[in-house]
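Residue numbering restarts at 1 for every chain, and letters A, B, ... go by the order of the sequence lines.
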Amino acid sequence: MLAKRIIPCLDVTDGRVVKGVNFTELRDAGDPVEIARRYDEQGADELTFLDITATSDNRGLILDIIEAVASQVFIPLTVGGGVREVADVRRLLNAGADKVSMNSSAVSNPQLVFDASQKHGSQCIVVAIDAKQVSPGKWEVFTHGGRKATGIDAIEWAKKMEQLGAGEILLTSMDKDGTKSGFDLGLTRGVSDAISIPVIASGGVGGLQDLADGVKLGKADAVLAASIFHYGQHTVQEAKRFMAQQGIPMRLV
Amino acid sequence: MKKIVVVDYGMGNLRSVAQALRAVAPEANVLISGEVADIESADRIVLPGQGAMPDCMRSLRESGVQEALLAASKTKPLMGVCIGEQMLFDVSEEGNAAGLGLLPGKVVRFQLDGQLQEDGSRFKVPQMGWNQVQQTASHPMWQDIPDNAYFYFVHSYFAQPEQLAHTVGQTVYGAPFSCAVARDNIFATQFHPEKSAATGLQLYKNFVHWNP
């Protein structure tokens, strides 16, 4: 049976892993390769690296990090942040990424999703959606780290991205991110029910029950979390055992 | 020193495959190459592939190594991975692409529309993530790998071998499908051993030591 996935997320800036609260107030969480190896040993199903500063002057840094991690850690790696053209996708894949995530650039240039998936295959194109609730049952897409409203409905946007060739949706609730109060389950369920590609729930994990709820109630195919793992609150192994006890298919190591 | 060539025809995550081989066979010469001479002098060959099968077949043809690969497939241990597995078959539904014809059978797409998983959620295509591989036949490549071990999959299509005997592993996604095939000196998987942590590395280790 296909297992649900746990994906630790590593926000990277200037070659270090950091964790922010509501996209600000960055705290240092350690060396990327060391952290990646630890998560692999704990049974992480994938790793996601988000280059959260992603300005042109540090593009080389994330490539170096991916190369270093990919030579030592044999699980899928997703990289996002600052992907603006198909050539960026190729560079990241060549460095050892298995999937590349696009966010703001997919909004400003949806054709990029189509071109990149045509060129490299849907399996490696992830579209990241940052969404905020605007009314009951309605969420709006935000870009630029949550600073810019787009007026686009999140569920409609997810459908459009699927049609253009996205292979997966990384769905972050801006309302929940950093709050430790659990995923936005309405948003997660709404998107997951609307599309046929996998959905990764993100934003708001405070404890193990939140992860389980993301799968059971939100119908997410995978759950992404950062701080509960980075700061040693829980290991990935503990999280997987906890979820398995609730009847969720998990790969236990 | 053993020479293991990861065939470079412009498609696929060649580096991950090569790094996994290097991790399990530090004494071997693991080479990513699209040169005919390297394929001819290789002791073992890995054929990866990613993306769409029609593109992969076109790239393989245009790369100029297809003949050398077919010649090598007659005698040398050959491991196909993902689209590299699918290409071993006669034909794919994806773009009606002709394959290499090394194994009789065709490649088809998941048909899971309208079906729900046990927990009530939709079946997603591509199948993306870790799923269990049931070893339907014993094979030296399965050594030290437990039955029903998890491997990492990313795919929308899968191979349907014409002969049951060619399937050595199957996985259930909606219905059982063939995910590992073998014939003589050929072994191939739909899943990605280079992304399947310790279990995947064991499979590459077995390939390095396999003497069909």
Discussion item. A quick test of your reading: do over 12 heavy atoms of other residues, nucleotides or ligands sit less than 6.0 Å from NZ of B/K3?
Written reply: yes
Worksheet item: Most heavy-atom pairs under 4.5 angstrom with chain A, which of B/A18, B/A20, B/A52, B/G120?
Response: B/A20
Response to the item:
The interface call for A/A220 against chain B, heavy-atom contacts under 4.5 Å, is neither
Worksheet, complete the sentence: Honestly, the part of A/A97 sitting under 4.5 Å from a heavy atom of chain B is backbone
Fill in: Atom group of B/L201 that falls short of 4.5 Å from chain A, counting heavy atoms
side chain
Worksheet entry | Interface moiety of A/K99 toward chain B, non-hydrogen atoms closer than 4.5 Å | side chain
Fill in: Partner chain B: residue of A/S117, A/G121, A/A70, A/G43 with the largest heavy-atom pair count (under 4.5 Å)
A/A70
Item to complete: Could you have a look at B/R22, B/E118, B/Q117 and say which one has the most heavy-atom pairs with chain A under 4.5 angstrom?
Response: B/E118
Worksheet item: Which value, rounded to the nearest 0.5 Å, describes the distance between A/L93 atom CG and B/L14 atom CG?
Response: 11.0 Å
Item to complete: Kindly indicate, with the supporting measurements, whether the criterion side-chain contact (heavy atoms from CB on, under 4.5 Å) is fulfilled by B/R15 and A/S71.
Response: CA-CA 9 Å; B/R15 218 158 103 155; A/S71 67; over 6 Å; no
Item to complete: Could you grab the distance from atom CZ of A/R189 to atom OG of B/S121, nearest 0.5 Å is fine?
Response: 8.5 Å
Worksheet item: Where is the tightest heavy-atom contact between B/G129 and A/L2, given as atom of each residue plus distance?
Response: C-CD1, 3.7 Å
Discussion item. A quick test of your reading: do over 12 heavy atoms of other residues, nucleotides or ligands sit less than 6.0 Å from NZ of A/K138?
Written reply: no
Item to complete: Would you mind checking which part of A/V199 comes under 4.5 Å of any heavy atom in chain B, side chain (CB onward), backbone (N, CA, C, O), both or neither?
Response: both
Worksheet item: CZ of A/R251 to CD of B/Q132: how many Å apart, nearest 0.5 Å?
Response: 11.5 Å
Worksheet item: Can you tell me how far the CE atom of B/M128 sits from the CG atom of A/D221, to the nearest 0.5 Å?
Response: 9.5 Å
Item to complete: Taking all non-hydrogen atoms of both residues into account, name the closest pair between A/S192 and B/K124 and its distance.
Response: OG-NZ, 3.0 Å
Worksheet item: Measuring from B/D55:CG to A/H120:NE2, what's the distance to the nearest 0.5 Å?
Response: 11.0 Å
Worksheet item: Is the count of non-hydrogen atoms from other residues, nucleotides or ligands lying under 6.0 Å from B/K205 atom NZ greater than 12?
Response: no
Worksheet item: If you count heavy-atom pairs under 4.5 Å with chain A, which of B/Y152, B/Y173, B/F153 comes out on top?
Response: B/Y152
Worksheet item: Does atom CD of A/E67 have more than 12 heavy-atom neighbours from other groups under 6.0 Å away?
Response: yes
Worksheet item: What do the steps show when you test A/S196 against B/R122 for side-chain hydrogen bond (donor to acceptor under 3.5 Å, both in side chains), and what is the final call?
Response: CA-CA 7 Å; A/S196 298; B/R122 294 171 67 155; 2.5 Å; yes
Practice prompt. Can you measure from CG (A/L77) to NZ (B/K195) and round to the nearest 0.5 angstrom?
Written response: 4.5 Å
Discussion item. Are the side chains of A/D45 and B/Y150 in contact, using a 4.5 Å heavy-atom criterion?
Written reply: no
Discussion item. Please classify the contact of A/Q118 with chain B as side chain, backbone, both or neither, using a heavy-atom distance under 4.5 Å.
Written reply: backbone
Item to complete: Please report the closest heavy-atom contact between B/S16 and A/F74, naming both atoms and the distance.
Response: O-CE2, 4.3 Å
Worksheet item: Side-chain contact, heavy-atom cut-off 4.5 Å: B/P126 with A/E168?
Response: no
